[in-house]
Each structure stands twice: as C-alpha cells, then as structure tokens.
Amino acid sequence: MNVPSARVQNGAQENLVKPVDTSLESRILPRAFYDHFLSESSKGRIEDPIRALLPLEDRPGLISLLAGKPNVDTFPITSMQFTLRDPVTTDESVIALSEAELAKGLQYSGSAGIPDLLDWLVGLQEFNHGRKRGEGWELCFGTGSSDLIYKAVNALLNPGDTALIEAPIYAGVFPIFHGTGCEMIEVRTDEHGTDAQGLREMLENWPAGKPKPKVLYTVPYGCNPTGMTSTTERRLQVLELAREHNFLILEDDPYYYLYFGSAPRPPSYFTLEKDQPEVGRVVRFDSLSKVLSSGMRIGFLSAPKCIVDAVILHTMTSNLQPPTLTQVIALRLLREWGYTGLRAHVDRVAQFYHAKRDVFEGLMHKYLEGLAEWSTPEAGMFFWSRLRLLTQRCYARRFELKLGDGATGDSEALIRTKALERGVLALPGTVFHPGGRKTAYVRASFSLLPKDQVEEALRRLREVILEARSEATAGTAASD
C-alpha cells in the first residue's frame with residue numbers, strides 16, 4: 001500500500017523525540033507481558049467456532065458450507081447510491097455501490113471488520129501517526145469508539161483493580177469503568193494536559209501493599225469537557241510514568257481531527273511511543289464519527305495484538321460484528337478521497353469549528369466578562385467555564401468558613417434548575433468528575449447553534465448568574 005509518510009504530514013513533529021538507539025523489534029513488549037493486564041473475564045472468553053472460521057471463506061477455490069447466511073437475492077434493497085461532496089472543490093458527485101459492494105454490505109461479515117477497510121485504516125495510521133504493520137500493534141473496527149472502549153476496559157480490569165481517570169473528563173466513560181467494579185482515581189489536568197507532576201507524586205506515594213493502577217484513561221486532543229490539548233512535553237512525561245509504574249495508556253482521541261490550534265499539532269501517544277524504550281503500552285481509540293457521520297458509528301482500535309484479540313472475542317459473543325453496510329459505505333467514500341482527500345476534508349471541518357469557537361467566545365466576552373473564567377480551546381467542541389457565582393465578599397466569607405470546594409460556589413443547582421427554567425440547557429461540571437464533587441464549572445457546546453441562538457443563550461445565562469450572585473450576597477449579609 002502506497003501511504004504518504006507521516007513525517008511529511010507532521011512537519012515539526014519530526015525532531016520532537018530522539019529515538020532510542022535500539023531496533024524497534026527489540027523494544028516491542030512480548031505477549032506474556034500482558035498476562036498481568038488482561039482481566040479474568042477476558043481470559044475466560046472462548047472463540048465462537050463459526051465466526052472464527054469465517055475469514056477462510058475468502059480463500060480462493062474454497063467451497064463453503066459453513067455459515068447460515070441468508071441468500072442476498074431475498075433482500076429487498078436492490079441498489080444504493082449517495083451524493084458525495086469533494087473535500088477540495090466542494091463539487092458534488094453521485095456514488096453508486098456496485099452489485100458486489102451492496103451484496104457484501106447486506107451480508108454478515110467478520111467480527112474484526114471487513115479486511116479491505118482494515119487495510120485502509122492501517123494505512124491511515126501510518127499516514128497520520130507514522131506507525132506501520134509489524135510494529136507491535138493490530139487494528140480492529142467497532143461500532144463507534146465507545147463500543148471499543150467498553151470492550152477494551154472490560155478486557156483489562158477486574159473488580160478491585162485501580163484505574164486512573166483524567167479529570168474532568170467525558171462523563172460517558174464513568175459507567176463503563178464503574179461496571180467493571182474497579183476503583184476510579186482522579187488525575188487532575190490543567191490547560192497543558194495531564195498534571196504529570198501531580199501524578200508522579202501520587203504514584204511515588206502509593207499505599208504500600210496496594211496494587212498500582214493498571215491503566216490511565218486520557219483524552220489528549222480537545223478534551224471533553226475542558227477543550228484542553230495536551231502538550232508534547234506532558235505526553236512524554238506520562239509515557240515515562242507508564243514505564244516506571246507499569247500501567248497502560250488508554251488514548252481516547254475522538255477530537256484528533258478537530259484540532260485548530262495555532263501551534264503545530266502535538267504528536268499522539270501512539271506516535272511518541274514508537275521512539276520510547278518500550279513499545280506497546282498505548283491502547284488507541286480513533287473515531288471518524290465527528291467528521292464523516294456520527295450516526296454511522298465509525299470507530300477503530302489500534303493496540304497490542306492480544307488486546308485487539310480480546311476485543312474481537314467480546315464482539316463475537318455480544319453483537320457478532322460491526323455493521324457491514326456502514327463499513328462498505330465508509331470504505332467506498334474513503335477510497336474515493338484517499339488519504340490526502342480525507343486530510344483536506346478534516347482540515348475544512350476543523351476550520352469550521354474554529355470559526356464557531358470564535359463566534360461563541362466573542363459573545364462570551366460580551367455577556368459573561370467578569371462573571372465567568374475560561375481558557376480558549378484549541379480543539380473539539382466545548383467551552384469549560386468557571387462561573388463566578390459569588391461576589392468577592394461572599395467568596396472571602398466562605399473561604400474564611402473553610403467550605404472547601406463550596407467556597408467558589410456550585411453550578412449544579414443553577415444549571416439543572418434555574419438555567420433550565422430560563423430556557424438554557426447545559427451540563428454542570430460535577431458530572432465530569434468520577435466522584436461527582438462540587439464545582440463551579442459548566443460545559444457548553446459551540447458545535448451546532450447559529451449566532452443568534454448563542455447570543456440569546458448567553459444573555460439568559462448572564463441573568464441567571466447575576467441573580468445567583470445577588471442571592472448569595474443577601475445570604476452573606478444576613479449571616480454577618
């Protein structure tokens with residue numbers, strides 16, 4: 001497969017990490033290394049004897065009497081086409097699936113994904129991340145990256161194990177980790193990424209006799225909810241900690257393609273680990289849902305073979321396979337564009353969200369200046385704002401009373417009730433912390449709304465904040 005080099009694509013990334021002076025093959029962690037990490041439930045899964053043999057049906061000259069597949073001639077859909085916009089010229093063209101493509105799309109397929117799409121995605125990882133076949137990783141397709149995260153987390157964690165969870169973080173992962181019975185420990189972040197120094201102090205002072213964490217979950221680009229993009233320096237520090245304290249890095253990267261920062265794009269953990277003393281600690285989750293179609297659920301996992309195999313086994317015994325028709329349509333689209341065409345498309349999408357961000361932030365300055373604090377996101381779809389729910393006098397009084405997190409106010413009641421009553425729906429910051437602690441933060445999405453609705457929403461939110469500050473001031477005066 002002819003894939004353009006990632007070193008050309010990533011430009012300034014080329015000299016960020018000096019490779020260690022040993023062959024890549026000698027640095028790939030062996031299969032036995034992962035025995036400690038795989039969960040008991042994963043080790044206990046057995047292969048579906050029918051699905052395990054399905055790939056053999058593609059062998060030339062083989063006559064298969066294997067699977068109970070329905071005859072495609074009985075299906076009512078006889079043709080399918082869609083209109084595709086060119087990523088460069090924006091011209092539209094009609095793409096019709098061939099008879100063979102449609103027949104494949106309407107039929108059962110392998111649990112890992114259809115081979116041609118897997119090959120294309122392997123090439124995409126080389127194009128974007130400089131990682132080739134034979135470098136200690138495999139790839140499988142899933143029904144969105146959330147499907148793969150769920151299966152990978154269950155493949156790695158037993159009840160009572162410890163997982164480090166970057167926080168604040170996407171609230172949808174908490175039920176996944178909670179379901180394994182593991183202990184979730186929050187790792188703080190700031191505008192530069194994971195607080196690597198704080199994580200080091202935590203791990204170096206870990207309770208004696210308690211097993212160290214097995215995984216760290218992180219969203220390094222445009223983190224949901226903070227919009228934070230982790231710096232290269234922080235990523236390298238986390239990789240070092242993973243080696244020193246023996247944990248895997250779960251790199252969930254749904255906003256990788258929505259980076260619009262002014263600085264060069266930081267390399268992924270998946271890229272960086274290739275030049276580390278050990279290769280095989282990064283479990284990467286990718287998604288094209290944000291740039292092609294969220295409804296098609298296009299996700300893929302790049303990880304050491306034994307972890308990919310464990311996820312495929314889980315798929316065999318749960319949903320059998322990701323939808324074949326989704327894969328056939330996605331493959332046809334991606335082949336029409338090629339790797340450079342996809343890059344042109346995602347660059348246009350990123351600029352679209354860049355413009356949406358600027359409009360939203362401009363109106364935040366207009367309505368929330370002095371009433372909220374925020375950092376400007378460089379990727380993703382969200383603003384993460386700390387509401388100033390208290391006047392300076394109220395804050396000083398609460399700090400004096402040692403109210404902890406409550407000293408700065410709590411956004412939950414305000415967002416869930418008062419803002420909703422005024423016709424504004426957002427998410428209070430508490431839902432993005434594993435322990436649900438109090439916080440004055442709120443997450444707001446800028447991806448969909450036109451300017452006039454953004455302006456009206458922020459105007460209403462301003463009224464709610466001013467009302468809360470007035471009530472807090474009155475309460476403080478009454479208690480003095």
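Around the NZ atom of Lys305, the shell of radius 6.0 Å holds no more than 12 heavy atoms that belong to other residues, nucleotides or ligands. Other residues, nucleotides and ligands place no more than 12 heavy atoms under 6.0 Å from the CG atom of Leu425. Atom OH of Tyr150 sits in a sparse spot, with 12 or fewer heavy atoms from other residues, nucleotides or ligands closer than 6.0 Å. More than 12 heavy-atom neighbours from other residues, nucleotides or ligands sit within 6.0 angstrom of CG on Leu466. Heavy atoms of other residues, nucleotides or ligands lying less than 6.0 angstrom from CD of Glu467 number more than 12. Heavy atoms from other residues, nucleotides or ligands lying under 6.0 Å from CZ of Phe33 number more than 12. In this structure, His365 places its NE2 atom where more than 12 heavy-atom neighbours from other residues, nucleotides or ligands lie under 6.0 Å away. Applying the 6.0 Å contact sphere to OH of Tyr170 captures no more than 12 heavy atoms from other residues, nucleotides or ligands.
Leu216 contributes atom CG, which lies 6.5 Å from atom CG of Leu199 (distance to the nearest 0.5 angstrom). Taken to the nearest 0.5 Å, the OG atom of Ser42 stands 9.0 Å off from the CG atom of Asn154.
A salt bridge (charged side-chain N to carboxylate O under 4.0 Å, His left out) with Arg284 is found for exactly one of Glu251, Glu138, Glu273, namely Glu251.
Taking the ring centroids of Phe141 and Phe300, they lie at or beyond the 6.0 Å cut-off.
Asn158 contributes a side-chain N or O that, together with a main-chain N or O of Glu40, makes up a donor-acceptor pair within less than 3.5 Å.
Between Arg437 and Glu186, at least one side-chain N (NZ, or NE/NH1/NH2) sits under 4.0 Å from a carboxylate O, which counts as a salt bridge. By the 4.0 Å N-to-carboxylate-O rule, Lys290 lies too far from Asp253 to be salt-bridged with it. With salt bridges taken as basic N to acidic carboxylate O contacts below 4.0 Å, one links Asp119 and Arg133. For Glu278 and Arg27, the salt-bridge test fails: no basic side-chain N is under 4.0 Å from an acidic carboxylate O. A salt bridge links Glu135 with Lys274: at least one charged nitrogen is closer than 4.0 Å to a carboxylate oxygen. Between Glu463 and Arg460, no side-chain nitrogen of the basic residue sits less than 4.0 Å from a carboxylate oxygen of the acidic one, so the salt-bridge criterion is not met. For the pair Lys210 and Glu183, the salt-bridge criterion is met [side-chain N within less than 4.0 Å of a carboxylate O].
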What do the steps show when you test Phe174 against His433 for ring pair (Phe, Tyr, Trp, His ring centres under 6.0 Å), and what is the final call?
-> CA-CA 9 Å; Phe174 298 149; His433 291 272; 8.3 Å; no

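Classified by interplanar angle (parallel below 30°, tilted 30° to 60°, perpendicular above 60°), the ring pair Phe446/Phe260 is perpendicular.
Taking the ring axis of Phe383 as reference, the NZ or CZ atom of Arg357 does not stay both within 45° of it and closer than 6.0 Å to the ring centre.
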